[in-house]
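Have a look at the structure below before the remarks.
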Protein chains: 2
Amino acid sequence: MNRPTDERNETATKILEAADELLVEGGIDGLSSRAVATRAGVNNALVFYYFGSKQGLVERVIERYYQRHVAALESATDAMTGDLRARLHAMVDAYVDFMEAHRRFPRLVQSLAASGPAFHELIGHHMAPLYRWVERALEGVAPKTGPLAAGQLYVTVSGVVTSWYSQAPLLAALWDKDPEGPEAGAERRAHVHWLVDAMYEKLVADARTASRDDARRTLAEREGG
Amino acid sequence: MNRPTDERNETATKILEAADELLVEGGIDGLSSRAVATRAGVNNALVFYYFGSKQGLVERVIERYYQRHVAALESATDAMTGDLRARLHAMVDAYVDFMEAHRRFPRLVQSLAASGPAFHELIGHHMAPLYRWVERALEGVAPKTGPLAAGQLYVTVSGVVTSWYSQAPLLAALWDKDPEGPEAGAERRAHVHWLVDAMYEKLVADARTASRDDARRTLAEREGG
DNA sequence: AAGTGCTTTTAGCAAGTGCTTAAATTCCCC
DNA sequence: GGGGAATTTAAGCACTTGCTAAAAGCACTT
């Protein structure tokens, strides 16, 4: 089972890409080794020769995505300049850019997360660096604990972005525009930007209010003493 | 296939509840008619006697949820008083309350939506009244089109609420608190309230800015003429 | 030509799937 | 208690699944 399964191996790559394409159509349970082999144009047994098991194959597929994901965010982070608000927008853009370029990815992750705890650990493992990345980026902006902690903001922003991709196909019958089209995508991106602004502005306003309250309390104490 | 499958039929109800419990563990593909029958303590063939097919069974399970969901929101709407902000909070609370009381539901919907387009139409069908409900509730607050239209706000709020339930199990390794526990749930609710406030406040602030711009523009036109 | 190590193919097992059919059972009205 | 309908059961069909073992093909060195 120690076969080279990276891009240097042509057969393994063909299998990976076939699995990637098929996964989004039916989740992991809708995926059969035979279908993958047929799509890749190789023999069924080769799937197991290269990846050991179906689970192993799927794990490699999502590993590949997360590698690209982390790389994309890292290179975006390096290029970030300007004030905090601009940097927040750049972060969100990098995130949305990746999802737009890999529309299958958020659906795949959601599908795997939904198909029982078999993949929870794996996804959590890959999610961790991204989570830490956001945590670091929000240092000084968000409090350490409570309803505005980085963890909550992370869940919200990632939920807002990724849930778009799972909800869009359901909205087809409700919307005039095609929710999967580029116009709707641009509109969604503008909405997310607006939302980030709304959160940022309230965060700042709350902090101002709190410090004013502090000042008033300090004043009252001084007057009282 | 015209058997009574509502609450009056004990056997059908047992099957429904068994399916409901099992669905969350493995999605629709992880669900087998035999497992349902065993869990319900009935014969395997009865599943098909009452529900025709596995697909039919699952459809009834989610129908039941959506019936309760709509009922819960309707009774909450009736009891809503106060200003707009208070009503928005009440809406969100009713929504979160339902999800907290039926934690399997958001995961089930996500699981089905993720397992291919077979259920897209059905979910979209049940989602429609809720979507219209939000659209109506946001009348006068949100513009008709663009990035702040009710449709975008709907996707965002429902995404923020439901994605919590799919992400919580993944956060277990990253958090100090148990994300599935009641404390984290309360914190999440507070976060969603805060988020709704942030959106509401920015919506109001944007409207003020826009009308001031309008006034300035009108003034300029008058002076120019 | 024989041997070597990797890759691919063939063929199939064992288990599980959705679903059907026909017989057995229970229920209820007369 | 008889008879017809509704319900429940046992048994199995036809098919797909993940996965494996053994053989075959291949390029390569010696």
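Side chains are part of it too, since the values below use all heavy atoms of this structure and drop only hydrogens, waters and symmetry mates.
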Hey, can you tell me if Tyr66(A) and Phe105(A) have their rings parallel, tilted or perpendicular (30° and 60° cut-offs)? perpendicular

Interface polar pairs with nucleotides 9-11 of chain D, N/O, under 3.5 angstrom:
unit_1 : atom_1 : unit_2   : atom_2 : d
dT9(D) : OP2    : Asn43(B) : N      : 3.3

Check whether any side-chain N or O of Arg188(B) sits under 3.5 Å from a backbone N or O of Gln152(A) as a donor-acceptor pair, and report yes or no. yes

What is the separation between atom NZ on Lys54(A) and atom C1' on dT16(D), rounded to the nearest whole Å? 11 Å

Structure string for DNA chain D in dot-bracket form, Watson-Crick and G-U at under 3.5 Å, | interchain: ||||||||||||||||||||||||||||||

Rounded distance (nearest 0.5 Å) linking atom CG of Asp20(B) with atom OG1 of Thr13(B): 12.0 Å

Taking the side chain from Ser158(B) and the backbone from Tyr154(B), do they hold a donor-acceptor pair closer than 3.5 Å? yes

Only one of Arg103(B), Glu180(B), Glu100(B), Arg104(B) passes side-chain hydrogen bond (donor to acceptor under 3.5 Å, both in side chains) with Tyr165(B); say which it is. Glu100(B)

Do Gln67(A) and Glu63(A) have side-chain atoms, one donor and one acceptor, less than 3.5 Å apart? no

Counting C-beta onward and ignoring hydrogens, is there a side-chain heavy-atom pair between Val196(B) and Arg85(B) closer than 4.5 Å? no

Of residues 26-37 of chain A, the positions that come close to DNA chain C - non-hydrogen atoms, cut-off under 4.0 Å: Arg34(A)

In whole angstrom, give the distance that lies between atom CD1 of Ile15(A) and atom P of dT9(C). 10 Å

Which nucleotide wins on minimum distance to the side chain of Tyr50(A), given the candidates dT8(C), dC19(D), dC19(C)? dT8(C)

Answer yes or no: is there a side-chain heavy-atom contact under 4.5 Å between Val70(A) and Trp133(A)? no

Distance-only polar pair, side chains of Asn43(B) and Tyr49(B), donor-acceptor under 3.5 Å: no

Round to the nearest Å and state the distance from Phe48(A) atom CZ to dT20(D) atom C1'. 9 Å

Parallel, tilted or perpendicular: which fits the ring planes of His69(B) and Tyr95(B), with parallel below 30° and perpendicular above 60°? parallel

